[in-house]
Structures are given as structure tokens and as C-alpha cells.
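Take a look at the structure set out below.
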Amino acid sequence: MDKHTDFSKRVSVHDVENEWQASPMAGVERKLLDRLGDEVARATTIVRYAPESHFSAHTHTGGEEFIVLDGVFQDEHGDYPAGSYVRNPPTSSHTPRSDEGCTIFVKLWQYDMDDRTFVRTDMHKMGAVSEVNRPGVKVTPLFEDEREFVRLETLSPGVETEIVAEGGAELLVLAGSFEEEGETFTERSWLRVPVGYVAKLRAGEGGAKIWMKTGHLNYVARP
């Protein structure tokens, strides 16, 4: 099930072109973005839960990170509406479900194995800081350690900005649009760029809200 495993190359996936695939659990489907491995894998995926669907109880040996894109994701730790950002570190466990249905963007097996930091936050309730050297760009930090920096970037309409990806970068459009290398990225489009790449973005007429992670591609490994 390997997909987009050459991390030295720029790669993009547009949601409208990416078909749903069945998962091992009834009512749960997924769209693969990148993947190293089979069912145990370093993976980046968009997952859709049908109403009243669930996944079996499991332990995230390599950790899990997700954003709720729509609906409400649930487990025994709480309910997570659209806009929730969650990091469950290695060795954490849960039994996920969704009573009303939901869609999430999820990353697996991409942690430092000694990391034990939980993050559970509502991105809609967090403030944003204007970037001094990047006019028209506001940043909402979500998580940062020595390996990576995770954040929301909000771009004003028509703004041009650069992302210097010294440790690689991933971008997921949450709202609006942007252009990069002549390619248009709309809601749920995904872009991954390699270490050392300089991504030159131009926001669309409605601006853009982008989930972004940088630095982490220095640590790519198959589980």
C-alpha cells in the first residue's frame, strides 16, 4: 500500500481527484495521501466515518495526529467537533467512533517514540499572530518541538508569501485557495515539499487558511 514514498520530490493530491477506499472497518473509508507500509504504516490520510460507525479499540504505538474537518469525531476521551486538533502520542489508545458521521485528516507513526505529549484544542478558539516579516499572513501555533512546527497560516486575499522548508513541509487547505508552481490548491488539497524546497504561495481572491507542518521530513522512517 506504499504511496508517494519518494520524499525528495514535491507531490500534491487534490481531494476531488482522490477516490474513497474501504478500510478494514465497515462504514469507515479513506483517501490515501502518502503511506509507507501496510496496515501498520507511516501514513497521511483523509478518513470518513459514516453515521454510527466506529473503529475497534487500538493502541497508537507510533502516535496519531488529526484534524476534524467536518462532523464530530468521538472516543472515550471526549467529543471533537470540526476544527479540533488532536495529538495522541506513542503508546496512547482509544476506541474511535462518530454518531453523526465525520471526516478527519490523520497522520500516523510520525512521532519521536519517546514523545508523551497530548494536545487537544479547538483551532476556532485560538488566536492568531501577524507575521512581522510576512505582511498579510497570520499564524496560529498548534505544536512545536525540536523536530517540527505545526500551525495554521491564514493568508489575506492575493497575498504572496514563501515557505522555506529547511526540514520539508506539508500543507492542507482548510478554506480558500492558493497557487504554487502554477497549480491551484483548493479546500482539502494537500501539498508535500522536500527538505530545502522554497514554496512560493499566492492566495486566492478569498484568501486561504492552511494547516502546515514543517521540519518533520528530516525524520521519515518506515515503521
Side-chain angles (χ1 to χ4, degrees), residues 3-15 33-36 42-46 63 65-67 69 83 85 87 105-112 115 117 119 121 123 126-222:
K3 183 171 183 175
H4 295 144
T5 59
D6 187 346
F7 288 84
S8 68
K9 294 182 178 180
R10 175 190 182 277
V11 62
S12 61
V13 178
H14 298 284
D15 190 62
L33 301 176
D34 67 17
R35 192 175 183 90
L36 279 172
R42 181 201 187 280
T44 305
T45 313
I46 293 177
E65 173 182 29
F66 66 86
I67 297 170
L69 301 175
Y85 172 71
R87 290 174 64 97
F105 169 78
V106 59
K107 299 177 69 63
L108 302 174
W109 277 94
Q110 301 183 37
Y111 280 72
D112 180 341
D115 188 347
T117 302
V119 176
T121 190
M123 297 186 296
M126 300 181 69
V129 178
S130 296
E131 288 275 83
V132 175
N133 298 319
R134 300 169 67 205
V137 179
K138 292 185 177 181
V139 174
T140 302
L142 299 173
F143 178 81
E144 186 173 11
D145 64 11
E146 66 277 3
R147 294 164 58 101
E148 64 185 35
F149 180 27
V150 186
R151 59 198 183 271
L152 289 183
E153 290 208 358
T154 303
L155 279 54
S156 297
V159 159
E160 296 183 6
T161 189
E162 291 186 353
I163 308 298
V164 180
E166 294 180 358
E170 280 184 63
L171 293 75
L172 179 74
V173 182
L174 300 182
S177 65
F178 69 83
E179 291 185 1
E180 202 276 332
E181 287 291 321
E183 187 174 4
T184 299
F185 292 80
T186 57
E187 187 173 350
R188 300 189 188 179
S189 290
W190 175 82
L191 173 65
R192 190 188 75 202
V193 298
V195 172
Y197 188 96
V198 179
K200 298 181 179 181
L201 279 55
R202 179 182 176 85
E205 293 182 357
K209 181 174 288 188
I210 306 165
W211 174 91
M212 190 177 304
K213 182 196 287 278
T214 55
H216 62 306
L217 298 185
N218 283 322
Y219 305 95
V220 174
R222 187 181 292 271

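When only modelled atom types and interatomic distance are considered, Y111 and E65 share no side-chain donor-acceptor pair under 3.5 Å. Between the side chains of T214 and R151, at least one donor N or O sits under 3.5 Å from an acceptor N or O.
The CG atom of D115 sits 8.5 Å away from atom CZ of R147, with the distance rounded to the nearest 0.5 Å. Within the model, atoms CG of L155 and OG1 of T161 stand 6.0 Å from one another, a figure rounded to the nearest 0.5 Å. Between atom NE2 of residue H216 and atom CG of residue D112 there is a gap of 14.5 Å, rounded to the nearest 0.5 Å. Taking CD1 from I210 and CG from L201, the interatomic distance works out to 5.0 Å, rounded to the nearest 0.5 Å. To the nearest 0.5 Å, atom CD1 of residue I67 and atom CG of residue L172 are 6.0 Å apart.
For the side-chain hydrogen bond (donor to acceptor under 3.5 Å, both in side chains) with D34, the qualifying choice from H4, R192, K3 is R192, the only one to do so.
Counting only heavy atoms from C-beta outward, the side chains of L171 and V173 never approach each other to under 4.5 Å. The shortest side-chain heavy-atom distance between M212 and I163 falls under the 4.5 Å cut-off. Side chains of W211 and Y85 form a contact here, defined as non-hydrogen atoms less than 4.5 Å apart. The side-chain heavy atoms of E187 and L69, taken from C-beta on, include no pair separated by under 4.5 Å. Side chains of K138 and S130 form a contact here, defined as non-hydrogen atoms less than 4.5 Å apart. Within the 4.5 Å cutoff, the side chain of V137 has heavy atoms near those of the V159 side chain. Contact check for M126 versus L152: no side-chain heavy atoms found under the 4.5 Å cut-off.
Using a 4.0 Å cut-off between a side-chain N of Lys or Arg and a carboxylate O of Asp or Glu, E148 and R87 qualify as a salt bridge. For the pair E153 and R134, the salt-bridge criterion is met [side-chain N within less than 4.0 Å of a carboxylate O]. Salt bridge present: E183 and R10 bring a charged side-chain N and a carboxylate O closer than 4.0 Å.
The 12-atom threshold is not exceeded at CD of E166, counting heavy atoms of other residues, nucleotides or ligands nearer than 6.0 Å.
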query = Checking side chain to side chain contact (heavy atoms under 4.5 Å, CB included) for the pair D15/V13: CA distance, chi angles, key distance, verdict?
reply = CA-CA 6 Å; D15 190 62; V13 178; over 6 Å; no
inquiry  = Applying side chain to side chain contact (heavy atoms under 4.5 Å, CB included) to V195 and N218, what does each step give before you reach the verdict?
reply    = CA-CA 7 Å; V195 172; N218 283 322; 3.6 Å; yes
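Scanning all heavy atoms of the two residues, the minimum distance from S12 to L191 falls at CB-CD1, 4.2 Å. Counting all heavy atoms, side chain and backbone alike, A208 lies closest to S177 at CB-O, 3.3 Å. When all heavy atoms of A203 and S156 are compared, the closest pair comes out as CB-O, 3.4 Å. In this structure, A43 and R35 approach most closely via the heavy-atom pair CB-NH1, 3.6 Å. Heavy-atom minimum distance, G158 versus R202: O-NH1, 3.6 Å. When all heavy atoms of L217 and V220 are compared, the closest pair comes out as O-CG2, 3.6 Å.
Evaluation of the salt bridge (charged side-chain N to carboxylate O under 4.0 Å, His left out) rule for E170 yields K107 as partners, not counting sequence neighbours. The side-chain contact (heavy atoms from CB on, under 4.5 Å) search around E162 returns V198, K200, not counting sequence neighbours.
For the pair R188 and F105, the cation does not sit on the ring face, since its NZ or CZ is not both under 6.0 Å from the ring centre and inside 45° of the axis.
Sorted by first and then second residue, the pairs that involve residues 162-207 and meet ring-ring contact (aromatic ring centres under 6.0 Å, His included), not counting sequence neighbours, are H14-F185, F178-F185.
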